[in-house]
Amino acid sequence: MKIFNTLSGQKEEFIPQQDNEVKMYVCGVTVYDVCHFGHALCYVSFDVIRRYLEYKGYKVNYVQNFTDIDDKIINRANERGIPWQDLVEKYIAEYFTDMDALNIKRATLYPRATGEIPGIIEVVRTLLDKGHAYQSGGSVYFRVKSFPGYGKLTHQNVDDMRVTATTEAEKKEDPLDFALWKAVKPGEPSWPSPWGDGRPGWHIECTAMSTGHLGNSLDIHGGGQDLIFPHHENETAQSECYTGVVPFVRTWMHNGFLQLGADKMSKSLGNLVTVKQALERNSADAIRLFIISSYYRMPLRYSLEALDAAEVGIDRMRTALKAGGKPGAAVLDAEPFKARFSEAMDDDFNAPQAVAALFDLVREINRSSEKGLDVGKAQQMLKELAAVIGFTLEETNRLSVEEEMEIETLISQRNEHRQAREWKLADEIRDQLAKMGIAIEDSPTGTIWKIAR
RNA sequence: GGCGGCGUAGCCAAGUGGUUAAGGCGGGGGUCUGCAAAACCCCUAUACAGCGGUUCGACUCCGCUCGCCGCCUCCA
């Protein structure tokens, strides 16, 4: 299979270092607020990638970090007058609630920055020993110019970069240098280190975690496009200088960014759509379909219209699963659809095309069902392939057993009236069900019901 | 100033140097059905921002122009 590598700017044949094991690291969130739609976009994208790799038979060792100490966390905790640890715990819990609701498979491991302090200190110490870092004012900085490969991920020349002055600039040898270890400031949480009390810089945790938990060379490292620079560029620099192993990452993958069209959604405007809000309107399957209908590397414009269109589309898939077939009749062969699906996914996870194959399978199932073929195996296949890209195709049915029994009873009563050609009575029951929010569909193989949209 | 992305039907969105430019949603017509719903069938881009160039041939390669956006500062 082929994967687009940000480093080379091309699709490359993907070959893990160790047989069928994939070492995969995806940058996680800074836990100071609830997740928004952009997070959903990123993590659904990588969930699809991870699931497909597993479907292909790879054992995926998937590590995703939590940045649980940084300025935003400290400020937010201070604003609320609560310990930063409480804030962090709250939003980690929220993160899992949201991601679980989106049917995103849990990573193998979720290390936290503050849980990796010894490893971080070891990385910084080594970088100092090798001359790639220096101490200044209680902090430790990475010496960018000491790494000749700096800029290779972003395809930029160091000298062409616009340098913005920072408050720390005076203490750095070069404005491009970045903090590995930040000296403690009054009233802020800190950890002891050989260079004095302080806390880790932004990029260093990823180096410590990825090399510590996955080794010196990762098969896949992913994240949002906004992280390419400076985060991933810096991470590459410090990691390769630390381990001496090149490349630190064999395949860099970045998902396209969420765009908001006219209604600009931004943190500063405070009009972010949270994952929770999205889930109030649309099902997890629909949100996922909306996201993967567009290629993961392309920008995605947030659109309620498209989201609702996805809801209708996903409903079509669910309905196909209910189509009646004739066991024992000729069997619908779904293998060609599976082949198309895999071929699409093998080409840099082209989910839009894979989804197209699924919709064609849906049509074929419905068509064959009407012709009286046995579609059981094909439905099985649809469900299996849908699951590969993370669709459950389950209806969110919060009805109790009693309610379901009542519905079934009403439906059988109505069918008795239909048998007796008492249309008026039958229609009254249908209206009654509609008022209960239940839609029914008659078919030659019986009457089915579902929650009305 | 540097780096990068995007511009395909009413909307969302794939894709290819050359017979019919995926799929979804929406719309129109039909079949089926007591009706409804669902499903199925047919139709809905002589055309892929614009202008040049390369080529026997480009929407697909190259250049330029216009428009939109991201990154270079915290951000998935």
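Computed from a predicted structure; not experimentally measured. To find a chain, count down the sequence lines: A is the first, B the second, and so on, and within it residues start at 1.
In this structure, F290(A) reaches neither bases nor backbone, as no heavy-atom distance under 4.0 Å exists between it and the strands shown. Within 4.0 Å (heavy atoms only), F229(A) reaches sugar-phosphate atoms of the nucleic acid but no base atom. Nucleic acid contact for E305(A): none, since no nucleic acid atom lies under 4.0 Å from a heavy atom of the residue. Among the protein residues, G151(A) comes within range of no part of the nucleic acid, since none of its heavy atoms lies under 4.0 Å from any strand. Nucleic acid contact class of T30(A) (heavy atoms, under 4.0 Å, all strands): sugar-phosphate only. Residue contacts shown for I228(A) are absent, as no nucleic acid heavy atom lies under 4.0 Å away.
Under the Watson-Crick or G-U wobble criterion, with both distances below 3.5 Å, rA14(B) has no partner in any strand shown. Nucleotide rU33(B) is matched to nothing when pairs are restricted to Watson-Crick or G-U wobble geometry with both distances under 3.5 angstrom. Nucleotide rC3(B) is matched to rG70(B) when pairs are restricted to Watson-Crick or G-U wobble geometry with both distances under 3.5 angstrom. Under the Watson-Crick or G-U wobble criterion, with both distances below 3.5 Å, rC64(B) is paired with rG50(B). The partner of rU55(B), taking Watson-Crick or G-U wobble pairs whose two distances both stay under 3.5 Å, does not exist in any strand shown.
No side-chain donor from either of T251(A) and N5(A) sits under 3.5 Å from a side-chain acceptor of the other. In this structure, a donor-acceptor pair under 3.5 Å is absent between the side chains of N366(A) and R363(A). In the model, Q64(A) has a side-chain atom that pairs as donor or acceptor with a side-chain atom of Y95(A) under 3.5 Å. Donor-acceptor pairing under 3.5 Å is lacking for the side chains of D68(A) and Y91(A). In this structure, a donor-acceptor pair under 3.5 Å is absent between the side chains of N75(A) and Y32(A).
K450(A) places a side-chain heavy atom less than 4.5 Å from the side chain of E441(A).
For the P atom pair drawn from rC74(B) and rG5(B), the interatomic distance equals 23 Å after rounding to whole Å. Rounded to a whole angstrom, the distance from the P atom of rG30(B) to that of rC51(B) is 41 Å. On the P atoms, rC72(B) is 41 Å away from rA58(B), given to the nearest whole Å. Between rG63(B) and rA21(B), the two C1' atoms lie 25 Å apart (nearest whole Å). Going from the P atom of rA47(B) to that of rA22(B) covers 16 Å, rounded to whole Å. Nucleotides rG53(B) and rU44(B) have their P atoms positioned 33 Å apart, rounded to a whole Å. Here the separation of rU60(B) from rA9(B), taken at their P atoms, is 15 Å to the nearest Å. For the P atoms, the distance from rA36(B) to rG29(B) is 14 Å, rounded to whole Å.
Relative to the side chain of V312(A), the nucleotides rC25(B), rC74(B), rC69(B) differ in distance, and rC25(B) lies closest. Each of rA13(B), rC25(B), rA76(B) was ranked by its minimum atom distance to the side chain of F257(A); first place goes to rA76(B). With rC69(B), rC40(B), rC12(B) as the candidates, the nucleotide lying closest to the side chain of A306(A) is rC12(B).
Ring pair F46(A)/Y43(A): centre-to-centre distance not below 6.0 Å. For an aromatic pair to be called close, the ring centres must be under 6.0 Å apart, and F96(A) with Y110(A) satisfies this. Ring centroid separation for the pair Y25(A) and F248(A) does not come in under the 6.0 Å cut-off.
Per the geometry, CZ belonging to F4(A) stands 11 Å off P belonging to rG4(B), to the nearest Å. When the P atom of rG1(B) is taken as reference, atom CG of N157(A) falls 17 Å away, rounded to whole Å. Regarding D226(A), its CG atom lies at a distance of 12 Å from the P atom of rG70(B), rounded to whole Å. With rounding to whole Å, L41(A) atom CG is found 15 Å from rC12(B) atom C1'. Nucleotide rA13(B) holds its P atom 16 Å from the CZ atom of R297(A), rounded to whole Å. Whole-Å rounding puts the L258(A) CG to rC71(B) P distance at 12 Å. Here the P atom of nucleotide rC12(B) and the OH atom of Y302(A) are 15 Å apart, to the nearest Å. Put simply, CG on L307(A) is 12 Å from P on rA13(B), counting in whole angstrom units.
The phosphate of rC40(B) has OP1 or OP2 within less than 4.0 Å of a side-chain N or O from N366(A).
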Please step through side-chain contact (heavy atoms from CB on, under 4.5 Å) for the pair F178(A) and L180(A), ending with a clear verdict. CA-CA 7 Å; F178(A) 54 90; L180(A) 297 172; 4.0 Å; yes

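Remark: the backbone N or O of M24(A) is not paired with any side-chain donor or acceptor of R50(A) at under 3.5 angstrom. At distances below 3.5 Å, at least one donor-acceptor pair connects side-chain atoms of Q379(A) with backbone N or O atoms of A323(A).
Using a cutoff of 4.0 Å between basic side-chain nitrogens and carboxylate oxygens, R430(A) and D427(A) are scored as salt-bridged. A salt bridge does not link R143(A) to D174(A): none of the charged side-chain nitrogens sits closer than 4.0 Å to a carboxylate oxygen. Salt-bridge check for R76(A) with E79(A): passed, with a basic side-chain N closer than 4.0 Å to an acidic carboxylate O.
With RNA chain B read from its 5' end, the first of the two nearest nucleotides for Y295(A) and L227(A) is the one closest to Y295(A). If you find the closest nucleotide of RNA chain B to N255(A) and to T154(A), the one lying nearer the 5' end belongs to T154(A).
Within residues 346-364 of chain A, the residues that place at least one heavy atom under 4.0 Å from RNA chain B are, in residue-number order, N350(A), P352(A), Q353(A), A356(A), F359(A), D360(A), R363(A). Within residues 379-388 of chain A, no residue has any heavy atom closer than 4.0 Å to RNA chain B.
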For each nucleotide in nucleotides 28-38 of chain B, reading 5' to 3', give B when a protein heavy atom comes within less than 4.0 Å of its base, S when such contact involves only the sugar-phosphate, and - otherwise. ------BBBBS

